[in-house]
Amino acid sequence: DLVILYKDPYKDESFDKYDAIGVPVICLDCFNKESLDGSVRILGELFGKRERAQELLDWYHGYIDLIGERTKDLDSGDRPKTVFYSNPDYYYPIVKVSTKKSGNHWMVEDAGGKNLARDLNSTTGTAEVDREWIMSQNPDVIIGSVNHADDKAGYSADEEAAFGYMHMIRDKLMVDYAIKETTAAAQGRVYIICGDLNTGPMQAAGTAFMAKILHPELFEDLNPEAILKEYFDEWQGIPYRGIYIYPPLK
């Protein structure tokens, strides 16, 4: 009855093909924070779940607003300088960092951090940088993301295998000649997270993880895993499981 595509369809996802068989197509973007509300409301209309869609948005904004309220008055010097390293397990030794066009950017900034790659030129949300840039920026925190997979991270992951995989990726970063010179490495503030945490309403939990990493004292009472459990139990209808961050937060 309907095909739902991402806002930027692949070239082989030609609308002409769907027109030829009489199938309507809609393109949505639930990754971008700025378009999330509208996309969820459209889905609510399509599936006759308008009230349920609004409840989901209320849940999401409840946590995003709570975090934003505590961080909105932070001075620039109190916002940890942060680098979000996209898929170091895939790109290393190339360093690709998340810019303001990425959902990772919003998690960092909403949680009271300063995304050092915010204004780098990029059309995709990631920009390639050299190691001299890393050393010159000297981040306070480095976050690396890995894709969900059975042996890597996320809901479907074997927890023991994923724990070992994320541990291995972090160790590789900690001994990198540029990263090991940063304040982040010196203070042990290098983390590996599951890339799913920046996806749609799950970003409520992702932002909570960022808040806990960047401002542990300010968010001592916040439990990101409990928020993630709510997301799976209440909004996905499946029991919470999986591994999403290494090292675990205290």
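Computed from a predicted structure; not experimentally measured.
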Where is the tightest heavy-atom contact between Ile64 and Lys33, given as atom of each residue plus distance?
CG2-NZ, 4.4 Å
Pairing donors with acceptors under 3.5 angstrom, does anything connect the side chains of Tyr92 and Asp176?
yes
Quick check: closest heavy atoms across Ala127 and Thr99, and the distance to 0.1 Å?
CB-CG2, 3.9 Å
For residues Arg131 and Val95, report the shortest heavy-atom separation together with the two atoms involved.
NH1-CG2, 3.6 Å
With a 4.5 Å limit on heavy-atom distance, are the side chains of Thr124 and Lys101 in contact?
no
Residue pairs involving residues 183-193 (criterion side chain to side chain donor-acceptor pair (under 3.5 Å); sequence neighbours excluded):
Asn138-Thr183
For the backbone of Val190 and the side chain of Arg170, can you confirm whether one donor and one acceptor N or O come within less than 3.5 Å of each other?
yes
Evaluation steps, side chain to side chain contact (heavy atoms under 4.5 Å, CB included), between Asp119 and Lys100
CA-CA 7 Å; Asp119 295 319; Lys100 63 185 176 184; 3.5 Å; yes
Is the shortest side-chain heavy-atom distance between Thr82 and Asn115 below 4.5 Å?
no
With hydrophobic residues grouped by side-chain heavy-atom distances under 4.5 Å, do Met168 and Ile192 end up in a single group?
yes
For the residue pair Tyr165 and Ile243, establish whether any side-chain heavy-atom pair is separated by less than 4.5 Å.
no
Whether Asp158 side chain and Asp151 backbone form a donor-acceptor pair below 3.5 Å
no
Does the Lys96 side chain pair with the main chain of Asn87, one donor and one acceptor, at a distance under 3.5 Å?
no
Interatomic spacing from CG in Leu43 to CG in Leu28 - rounded to 0.5 Å
5.0 Å
Nearest 0.5 Å, please: how far is OG1 in Thr71 from CG in Asp78?
11.5 Å
Indicate, with yes or no, if Leu66 and Leu57 share a hydrophobic cluster defined by side-chain heavy-atom contacts under 4.5 Å among Ile, Leu, Val, Met, Phe, Trp and Tyr.
yes
Please confirm whether the backbone N or O of Thr126 pairs with a side-chain atom of Ser86, one donor and one acceptor, at under 3.5 Å?
no
Using the rule that two of Ile, Leu, Val, Met, Phe, Trp, Tyr join whenever any of their side-chain heavy atoms come within less than 4.5 Å, decide whether Leu228 and Trp59 are in one cluster.
yes
Is it possible for you to say whether Tyr231 and Tyr60 belong to one hydrophobic cluster, with membership spreading through side-chain heavy-atom contacts below 4.5 Å?
yes
Using only atom types and a distance under 3.5 Å, with no angle test, would you say the side chain of Ser39 pairs donor to acceptor with the backbone of Asp29?
yes
Which of these, Val141, Val108, Leu116, Ile142, sits in a side-chain contact (heavy atoms from CB on, under 4.5 Å) with Phe84?
Val108
One should read off an interatomic distance between Ser76 OG and Lys81 NZ, to the nearest 0.5 angstrom, of 10.0 Å
Is Arg52 paired with Glu234 through a side-chain N to carboxylate O contact shorter than 4.0 Å?
yes
What orientation do Phe232 and Tyr240 show, parallel under 30°, tilted 30 to 60°, or perpendicular over 60°?
tilted
To check you understand the geometry: which heavy-atom pair defines the closest contact between Ile169 and Pro88, and what is its length?
CG2-CG, 3.9 Å
Determine whether more than 12 heavy atoms belonging to other residues, nucleotides or ligands lie under 6.0 Å from atom OH of Tyr177.
yes
Nearest 0.5 angstrom please: Ile143 CD1 to Tyr85 OH, how far?
14.0 Å
Shortest non-hydrogen pair, Ala157 vs Ala149, comes out as CB-O, 3.3 Å
A quick test of your reading: do over 12 heavy atoms of other residues, nucleotides or ligands sit less than 6.0 Å from CG of Asp221?
yes
Would you give the length of the straight line joining atom OG of Ser102 to atom CZ of Arg118, rounded to the nearest 0.5 angstrom?
12.5 Å
Would you sort out whether Trp106 and Leu36 count as a side chain to side chain contact (heavy atoms under 4.5 Å, CB included), showing the intermediate values?
CA-CA 12 Å; Trp106 291 109; Leu36 175 63; over 6 Å; no
Residue pair Glu225 / Tyr244, side-chain donor-acceptor N/O under 3.5 Å:
no
Please check if Trp235 and Leu46 belong to a single hydrophobic cluster, counting links between Ile, Leu, Val, Met, Phe, Trp and Tyr side chain heavy atoms closer than 4.5 Å.
no
Without placing hydrogens or testing angles, list every side-chain donor-acceptor pair under 3.5 Å for residues 193-216, not counting sequence neighbours.
from	atom 1	to	atom 2	distance (Å)
Asp196	OD1	His148	ND1	3.0
Asn198	ND2	Asn104	OD1	3.0
Thr199	OG1	Asp196	O	3.1
Gln203	NE2	Asn198	O	2.9
Thr207	OG1	Gln203	O	2.8
Lys212	NZ	Phe219	O	2.9
Lys212	NZ	Glu220	O	3.0
Lys212	NZ	Leu222	O	2.8
His215	NE2	Gly112	O	2.8

For a quick test of reading the model, state the closest non-hydrogen atom pair linking Tyr155 to Arg241 and the distance between them.
O-NE, 2.7 Å
Any sub-3.5 Å donor-acceptor pair from Asp130's side-chain atoms to Glu132's backbone N or O?
yes
Using side-chain heavy atoms (C-beta onward) and a distance below 4.5 Å, is Leu120 in contact with Trp133?
yes
When rounded to the nearest 0.5 Å, the distance separating CG of Asp37 from CD of Glu34 is 11.0 Å
